[in-house]
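Here the structure is laid out as structure tokens; the discussion comes afterwards.
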Amino acid sequence: MKKIEIKLSQQVVAPLLDFVKPLAHGLGEALAFDPEFPDNDPQFQEDWRDDLLQEQDNDGQVFMALFDREFFESGNIDIDEENADAILRAAAAIRLNVRLNFLKEVSDEVLEQGDVPYEGMDPGEQQAYACYLFLATIQEIVIQHLDLS
Amino acid sequence: MKIFSSQTHVAPHTDADTLIQTDGMWKVIVLNDPVNLMSYVVMVFQKVFGFDETKARKHMLEVHEQGRSILWVGPRERAEAYVFTLQNWQLNTVLEKNEKN
């Protein structure tokens, strides 16, 4: 995978980051979804959950590292084969969190079709949905540049 | 005790579309969710199982249209590893005993 440099509008993205940042940091505290465990043994389940949480936390840290001083100076974020997978997973985890906690009133069908009644949402929901779309866009850009051969 | 760390696995020769006539085999099943992008799901299947895009897309469409898709069938230990990896990729994945004979 070649290195991708994405130029973002700081004016647009900075408010979204204010919303995303606590969620990214929270990836070390709770899993984005409740997994079904392959075994009923409580210790197995605890270890499984802990391992997933550690991985998720690592992904969240890699994601937030994108928005460093360079981003705030130039608006650029750099994605390469070293951080791409973690960024994709972190974005997925945060999107699941946003859906579960901030877009509860939106049905699955409406969300999947993208026909969300944005104008009718309260400001909190609007910001959540904007983040939801922003993260999806980041994912789409990265996926387009992956070499999966 | 660390059970797993995420890795990209290349699929063994076992084909999820082929019935396995052996006892003790387990199915790795991905369930639908309304959040993850189709392109993301396809990519994950390619990365984790080494599928080409056509096969990955076929499984993604099964998940999307039928609610679930069997991605792999094989011994339990390997199946558990796949389940962990897919859950790490934020896909709702479960393990089921393969009851077919």
Side-chain angles (χ1 to χ4, degrees), chain A residues 27 31-39 41 43-56 58-59 84-86 88-100 103 106-114 132-133 135-149, chain B residues 1-8 10 26-57 60 63-65 67-68 75-97:
Chain A
L27 291 184
L31 292 176
F33 72 97
D34 278 327
E36 185 169 309
F37 301 103
D39 196 295
D41 177 70
Q43 187 61 53
F44 179 100
Q45 293 186 1
E46 185 180 334
D47 291 337
W48 184 282
R49 182 183 290 277
D50 286 348
D51 289 346
L52 281 176
L53 205 54
Q54 185 178 337
E55 297 284 344
Q56 190 177 272
N58 291 341
D59 292 343
D85 285 2
L88 287 167
R89 288 191 298 260
I94 299 169
R95 292 184 80 239
L96 283 166
N97 190 318
V98 169
R99 165 66 177 123
L100 198 63
L103 296 174
V106 184
S107 72
D108 289 348
E109 292 74 24
V110 167
L111 208 56
E112 279 190 293
Q113 289 163 18
Y132 189 79
L133 293 181
L135 293 168
T137 303
I138 296 288
Q139 287 184 307
E140 293 276 25
I141 292 172
V142 174
I143 290 167
Q144 283 171 15
H145 289 85
L146 287 175
D147 179 9
L148 295 166
S149 56
Chain B
M1 178 183 80
K2 191 170 180 67
I3 295 179
F4 296 111
S5 61
S6 70
Q7 292 178 17
T8 300
V10 176
W26 293 80
K27 295 182 283 191
V28 176
I29 298 172
V30 171
L31 306 178
N32 190 32
D33 76 77
V35 174
N36 283 306
L37 304 172
M38 290 184 181
S39 58
Y40 176 85
V41 175
V42 170
M43 177 274 300
V44 172
F45 291 167
Q46 288 182 272
K47 268 189 173 282
V48 173
F49 295 102
F51 293 164
D52 62 27
E53 187 176 351
T54 301
K55 187 169 183 178
R57 179 160 287 275
M60 179 279 292
V63 173
H64 182 65
E65 294 169 359
R68 57 193 272 148
R76 179 161 178 131
E77 190 174 336
R78 190 69 186 264
E80 280 186 8
Y82 277 130
V83 170
F84 183 89
T85 299
L86 292 167
Q87 289 181 353
N88 191 44
W89 278 98
Q90 307 296 338
L91 297 188
N92 194 355
T93 309
V94 298
L95 190 66
E96 282 184 13
K97 181 105 166 107

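Labels below follow one simple rule: chain letters A, B, ... track the order of the sequence lines, proteins then strands, and each chain is numbered from 1.
- The candidate with the highest count of non-hydrogen atom pairs below 4.5 Å against chain B, out of A/Arg95, A/Gln56, A/Arg99, is A/Arg95.
- Between the side chain of A/Tyr132 and the backbone N or O of A/Leu96 there is no donor-acceptor pair closer than 3.5 Å.
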Would you please test A/Gln43 and A/Asp47 for side chain to side chain donor-acceptor pair (under 3.5 Å) and show each step?
CA-CA 6 Å; A/Gln43 187 61 53; A/Asp47 291 337; 3.0 Å; yes
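- A side-chain donor-acceptor contact under 3.5 Å links B/Asn36 to the backbone of B/Gln90.
- Residue A/Asp39 touches chain B through both its backbone and its side chain, counting heavy-atom pairs closer than 4.5 Å.
- Using a 4.5 Å cut-off between heavy atoms, A/Ile143 contacts chain B through its side chain alone, with no backbone atom that close.
- No donor-acceptor pair closer than 3.5 Å links the side chain of A/Glu112 to the backbone N or O of B/Pro34.
- When side chains are defined from C-beta on, A/Arg49 counts as touching A/Phe37, because their heavy atoms get closer than 4.5 Å.
- With chain B as partner, the option from A/Asp59, A/Leu88, A/Leu100, A/Val98 having the largest number of non-hydrogen pairs under 4.5 angstrom is A/Leu88.
- Only the backbone of B/Leu91 comes within contact range of chain A, with at least one heavy atom under 4.5 Å from a heavy atom of that chain.
- Contact annotation for A/Asp50: neither backbone nor side-chain heavy atoms come within less than 4.5 Å of a heavy atom of chain B.
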